[in-house]
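Below: one structure, written as C-alpha coordinates.
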Amino acid sequence: MSEDILKRLTETLAARKTASPDSSYVARLHAKGLDAILKKIGEEATETVMAAKDGQNEKIIYEVADLWFHTLVLLSHKGLTAQDVLNELARREGVSGIDEKASRK
(Lines give C-alpha, C1' and ligand atoms only; values in the text may rest on other atoms or scores of the structure.)
Protein backbone atom coordinates (compact mmCIF):
# COMPACT_ATOMS: atom_id res chain seq x y z
CA MET A 1 0.00 0.00 0.00
CA SER A 2 2.69 2.51 0.89
CA GLU A 3 4.48 1.83 -2.38
CA ASP A 4 1.17 2.50 -4.17
CA ILE A 5 0.95 5.88 -2.44
CA LEU A 6 4.54 6.71 -3.39
CA LYS A 7 3.90 5.60 -6.97
CA ARG A 8 0.75 7.75 -7.25
CA LEU A 9 2.49 10.75 -5.68
CA THR A 10 5.46 10.33 -8.02
CA GLU A 11 3.12 10.27 -11.03
CA THR A 12 1.17 13.29 -9.79
CA LEU A 13 4.33 15.27 -9.09
CA ALA A 14 5.70 14.47 -12.55
CA ALA A 15 2.46 15.66 -14.14
CA ARG A 16 2.47 18.86 -12.12
CA LYS A 17 5.98 19.79 -13.29
CA THR A 18 4.50 21.02 -16.55
CA ALA A 19 1.26 22.42 -15.14
CA SER A 20 0.56 26.11 -14.86
CA PRO A 21 1.95 27.64 -11.65
CA ASP A 22 -1.47 29.26 -11.22
CA SER A 23 -3.15 25.85 -11.03
CA SER A 24 -0.88 23.91 -8.68
CA TYR A 25 1.26 24.47 -5.59
CA VAL A 26 3.76 21.90 -6.89
CA ALA A 27 3.89 23.58 -10.29
CA ARG A 28 4.53 26.88 -8.52
CA LEU A 29 7.45 25.34 -6.60
CA HIS A 30 8.91 23.90 -9.82
CA ALA A 31 8.54 27.28 -11.53
CA LYS A 32 10.36 29.03 -8.68
CA GLY A 33 13.22 26.58 -9.07
CA LEU A 34 15.56 24.50 -6.99
CA ASP A 35 16.31 27.12 -4.34
CA ALA A 36 12.61 27.50 -3.48
CA ILE A 37 12.21 23.73 -3.19
CA LEU A 38 15.30 23.46 -0.99
CA LYS A 39 14.04 26.30 1.21
CA LYS A 40 10.76 24.43 1.76
CA ILE A 41 12.66 21.25 2.65
CA GLY A 42 14.73 23.22 5.16
CA GLU A 43 11.60 24.73 6.69
CA GLU A 44 9.89 21.35 6.93
CA ALA A 45 13.00 19.73 8.42
CA THR A 46 13.12 22.42 11.09
CA GLU A 47 9.42 22.01 11.82
CA THR A 48 9.96 18.23 12.10
CA VAL A 49 12.74 18.76 14.63
CA MET A 50 10.58 21.16 16.63
CA ALA A 51 7.66 18.72 16.62
CA ALA A 52 9.94 15.94 17.84
CA LYS A 53 11.23 18.16 20.63
CA ASP A 54 7.62 18.92 21.63
CA GLY A 55 6.98 15.19 21.79
CA GLN A 56 3.54 15.31 20.19
CA ASN A 57 3.26 12.24 17.98
CA GLU A 58 0.47 13.61 15.79
CA LYS A 59 2.49 16.75 15.10
CA ILE A 60 5.59 14.66 14.32
CA ILE A 61 3.63 12.59 11.79
CA TYR A 62 2.16 15.73 10.18
CA GLU A 63 5.56 17.42 9.86
CA VAL A 64 7.33 14.30 8.58
CA ALA A 65 4.59 13.97 5.93
CA ASP A 66 5.31 17.57 4.86
CA LEU A 67 9.04 16.87 4.82
CA TRP A 68 8.64 13.71 2.76
CA PHE A 69 6.27 15.48 0.37
CA HIS A 70 8.66 18.32 -0.31
CA THR A 71 11.53 15.86 -0.67
CA LEU A 72 9.47 14.06 -3.31
CA VAL A 73 9.03 17.41 -5.07
CA LEU A 74 12.84 17.73 -5.09
CA LEU A 75 13.23 14.25 -6.56
CA SER A 76 10.70 15.09 -9.27
CA HIS A 77 12.44 18.39 -10.00
CA LYS A 78 15.70 16.50 -10.53
CA GLY A 79 14.09 13.80 -12.69
CA LEU A 80 14.31 11.19 -9.93
CA THR A 81 11.61 9.11 -8.27
CA ALA A 82 10.71 7.63 -4.92
CA GLN A 83 11.57 4.26 -6.45
CA ASP A 84 15.16 5.45 -6.91
CA VAL A 85 15.35 6.07 -3.16
CA LEU A 86 13.64 2.76 -2.35
CA ASN A 87 16.19 0.99 -4.56
CA GLU A 88 19.03 2.64 -2.64
CA LEU A 89 17.48 1.67 0.70
CA ALA A 90 17.12 -1.91 -0.55
CA ARG A 91 20.79 -1.88 -1.57
CA ARG A 92 21.75 -0.78 1.93
CA GLU A 93 19.53 -3.31 3.70
CA GLY A 94 21.57 -5.64 5.84
CA VAL A 95 24.68 -3.47 5.53
CA SER A 96 26.08 -1.91 8.67
CA GLY A 97 25.56 1.84 8.68
CA ILE A 98 29.19 2.25 9.66
CA ASP A 99 30.35 0.10 6.74
CA GLU A 100 27.99 1.79 4.29
CA LYS A 101 29.19 5.26 5.27
CA ALA A 102 32.84 4.17 5.04
CA SER A 103 32.24 2.85 1.50
CA ARG A 104 31.32 6.38 0.34
CA LYS A 105 34.74 7.82 1.15
Side-chain angles (χ1 to χ4, degrees):
M1 182 166 147
S2 60
E3 288 183 19
D4 292 340
I5 292 168
L6 286 175
K7 184 176 186 244
R8 287 193 309 271
L9 270 172
T10 297
E11 291 168 355
T12 299
L13 293 173
R16 301 262 168 88
K17 275 177 82 168
T18 57
S20 166
D22 295 330
S23 68
S24 162
Y25 170 73
V26 172
R28 199 172 315 138
L29 277 175
H30 281 296
K32 289 181 180 179
L34 183 61
D35 285 345
I37 296 167
L38 295 176
K39 181 179 178 186
K40 278 305 293 180
I41 291 172
E43 290 171 8
E44 299 304 342
T46 299
E47 290 171 5
T48 299
V49 169
M50 291 167 51
K53 292 289 249 175
D54 290 344
Q56 297 175 9
N57 289 346
E58 285 183 24
K59 200 170 180 184
I60 293 168
I61 292 167
Y62 181 87
E63 295 303 342
V64 169
D66 281 352
L67 178 59
W68 284 12
F69 177 82
H70 287 90
T71 302
L72 289 169
V73 173
L74 169 65
L75 291 173
S76 175
H77 192 76
K78 299 301 272 180
L80 301 167
T81 67
Q83 189 60 53
D84 295 323
V85 176
L86 293 174
N87 292 344
E88 176 60 14
L89 290 172
R91 183 191 70 77
R92 294 181 188 188
E93 186 175 19
V95 176
S96 158
I98 295 169
D99 293 342
E100 196 285 323
K101 189 169 183 176
S103 74
R104 291 188 256 160
K105 291 182 180 181

For residues 51-59, which side-chain N or O atoms pair as donor and acceptor with protein atoms under 3.5 Å away, sequence neighbours left out?
none

Interatomic distance, [X] atom [atom1] to [Y] atom [atom2] [nearest 0.5 angstrom]:
{"X": "Ile41", "Y": "Trp68", "atom1": "CD1", "atom2": "CH2", "value": "14.0 Å"}
{"X": "Thr48", "Y": "Ile61", "atom1": "OG1", "atom2": "CD1", "value": "11.5 Å"}
{"X": "Leu9", "Y": "Ser76", "atom1": "CG", "atom2": "OG", "value": "10.5 Å"}
{"X": "Glu44", "Y": "Thr71", "atom1": "CD", "atom2": "OG1", "value": "9.0 Å"}
{"X": "Leu67", "Y": "Glu43", "atom1": "CG", "atom2": "CD", "value": "11.5 Å"}
{"X": "Leu72", "Y": "Leu80", "atom1": "CG", "atom2": "CG", "value": "11.0 Å"}

Ignoring hydrogens, what is the shortest heavy-atom contact between [X] and [Y]? Give both atom names and the distance.
{"X": "Ala31", "Y": "Pro21", "result": "CB-CG, 3.7 Å"}
{"X": "Leu75", "Y": "Thr81", "result": "CD1-O, 3.8 Å"}
{"X": "Ala27", "Y": "Ala19", "result": "CB-O, 3.5 Å"}

Legend entry - Hydrophobic cluster membership, Leu86 vs Leu74, 4.5 Å side-chain cutoff: yes

Inset, instruction - Give a yes or no on whether Met50 and Val64 share a hydrophobic cluster (residues Ile, Leu, Val, Met, Phe, Trp, Tyr; joining criterion: side-chain heavy atoms under 4.5 Å apart). - result: no

Legend entry - Arg16 and Leu13, any side-chain heavy atoms less than 4.5 Å apart: no

Inset, instruction - Carefully, step by step, assess Leu29 and Lys40 under the rule side chain to side chain contact (heavy atoms under 4.5 Å, CB included). - result: CA-CA 9 Å; Leu29 277 175; Lys40 278 305 293 180; 3.9 Å; yes

Legend entry - ring-ring contact (aromatic ring centres under 6.0 Å, His included) contacts in which one or both residues fall within residues 5-63, not counting sequence neighbours: Tyr25-His70, His30-His77

Legend entry - Electrostatic pair Arg8:Glu11 at N-O distance under 4.0 angstrom: no

Legend entry - Cluster companions of Val49 among Ile, Leu, Val, Met, Phe, Trp, Tyr (side-chain spacing under 4.5 Å): none

